[in-house]
Amino acid sequence: MTNASLAHLPLGDQRSGRFYGHDILSVSQFNRSDLEAIFGVAEAMRTMVQHVGTFDLLKGKILANLFYEPSTRTQASFMAAMQRLGGSVIPISEVRYSSVSKGESLPDTVRTLECYADIIVLRHHEVGAAAVAAQAARKPIINAGDGVGEHPTQALLDLFTIQEELGRLDGLTVTLLGDLKFGRTVHSLARLLSLFGATLRFVSPEALKMPAKVTDELKARGITHTEHASLDEVLGQTDVLYVTRVQKERFEDLALYESLKHAFVITKETMTRAKPKMALMHPLPRVGEISPDVDADPRAAYFRQMEYGLFVRMALLAMVLGKA
Ligand code: NCD
């Protein structure tokens with residue numbers, strides 16, 4: 001495929017676009033047509049990456065990647081996304097080597113980076129930090145995880161994965177498993193799935209149940225959800241099984257963490273009881289919740305999920321910077 005034959009893709013100057021100049025802070029800001037638009041651009045990005053690898057849509061643009069918490073996938077995929085679009089990146093992933101360790105406030109750090117960059121991707125340990133940064137900044141902020149709050153770009157890539165793997169988003173039974181209390185990815189994903197009439201099943205230890213803040217929102221939107229202590233109660237009807245890690249870093253009582261960390265482990269044997277057509281997902285990193293011998297199962301989507309994340313993050317950068 002030549003560059004000329006890629007001309008039909010929805011890329012180019014789009015300063016009137018829905019997300020141009022906007023912050024991406026929470027999944028609550030999206031409706032169905034927004035998601036269709038993002039996924040359309042993500043498909044175009046996928047085609048571009050597969051055919052030409054890197055292209056110059058964001059040439060001259062600079063992204064600041066500001067990470068106060070550890071990250072492999074989110075950080076690397078935003079970096080790869082910007083570089084595949086011809087832009088460049090200021091990586092601040094070790095804030096202890098930045099002026100943050102001298103006591104600089106988040107608003108001041110953000111005001112600094114926006115002098116050099118066109119967009120800031122922020123991961124922080126406090127709920128609401130991305131909103132605080134967005135208040136301080138003139139340039140767009142993308143929330144890459146705010147403590148136990150939200151992880152909206154992960155939820156977008158999770159939804160895109162479901163669409164690509166199962167071919168549809170409407171009316172699915174989705175089971176969220178593991179640490180539903182501290183896992184920010186499931187807080188965002190449950191909210192986003194409510195736009196598609198999902199039936200939600202929450203499976204967790206009693207101490208790690210989905211917070212009332214999220215379940216109250218789901219109730220208000222008329223979404224059916226049930227809570228379970230055993231996966232067996234729901235596995236046979238599940239279209240998407242979304243497994244999460246018990247979030248060790250959020251526990252004050254490490255003995256409690258140790259007692260819960262392997263409350264649920266997906267094995268080859270578990271998968272014999274799942275539907276023949278379903279998707280097994282995980283935002284990763286996994287630390288024992290899915291046994292490696294499940295990886296060869298065609299339903300194991302978690303490695304493909306990471307790759308879909310690249311296309312979705314490319315789409316978001318292009319849209320926020322007015323080029324898609
Ligand atoms: C998740 C996160 O940071 O919330 N990781 C990710 O971005 N893929 C999940 C986790 O750390 O368990």
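All ligand and atom numbering here is 1-based and tracks the order in the structure.
Here's the thing with Glu249: none of its N/O atoms is less than 3.5 angstrom from an N/O atom of ligand 1.
A distance of 5.0 Å separates CZ in Phe202 from CG in Leu218, rounded to the nearest 0.5 Å.
The nearest heavy-atom contact from the protein to atom 6 (C) of ligand 1 is Leu284 O, 3.6 Å. The protein heavy-atom contact nearest to atom 11 (O) of ligand 1 is Arg245 NH2, 2.8 Å. Nearest to atom 4 (O) of ligand 1 among the protein's heavy atoms is Arg184 NE, 2.8 Å.
For Arg245 and Gln247, the side-chain atoms include at least one donor-acceptor pair closer than 3.5 Å. A donor and an acceptor atom, one from each side chain of Gln154 and Thr185, are nowhere located under 3.5 Å apart.
Annotation: Gln29, atom CD; neighbour count of heavy atoms from other residues, nucleotides and ligands within 6.0 Å is above 12.
Numbered from 1 in the order shown, with element, the atoms of ligand 1 that lie under 4.0 Å from a heavy atom of Thr74 read 6 (C), 7 (O). Short contacts between ligand 1 and Gln154, defined as distances under 4.0 Å to a heavy atom of the residue, involve ligand atoms 6 (C), 7 (O), 8 (N).
Relative ring orientation between Phe160 and Tyr308 is described as perpendicular, the plane-to-plane angle rising above 60° on a 0-90° scale split at 30° and 60°. Between Phe30 and Phe19, the ring planes lie perpendicular to each other; the angle is over 60°, past the 30° to 60° tilted range.
Residue contacts with ligand 1 leave out Met306, since none of its heavy atoms falls under 4.0 Å from the ligand. Heavy atoms of Gln247 come nearer than 4.0 angstrom to ligand 1 in at least one pair. Using a 4.0 angstrom heavy-atom cutoff, Pro285 counts as in contact with ligand 1.
When atom types are taken as modelled, the side chain of Lys139 and the backbone of Asp118 share no donor-acceptor pair closer than 3.5 angstrom.
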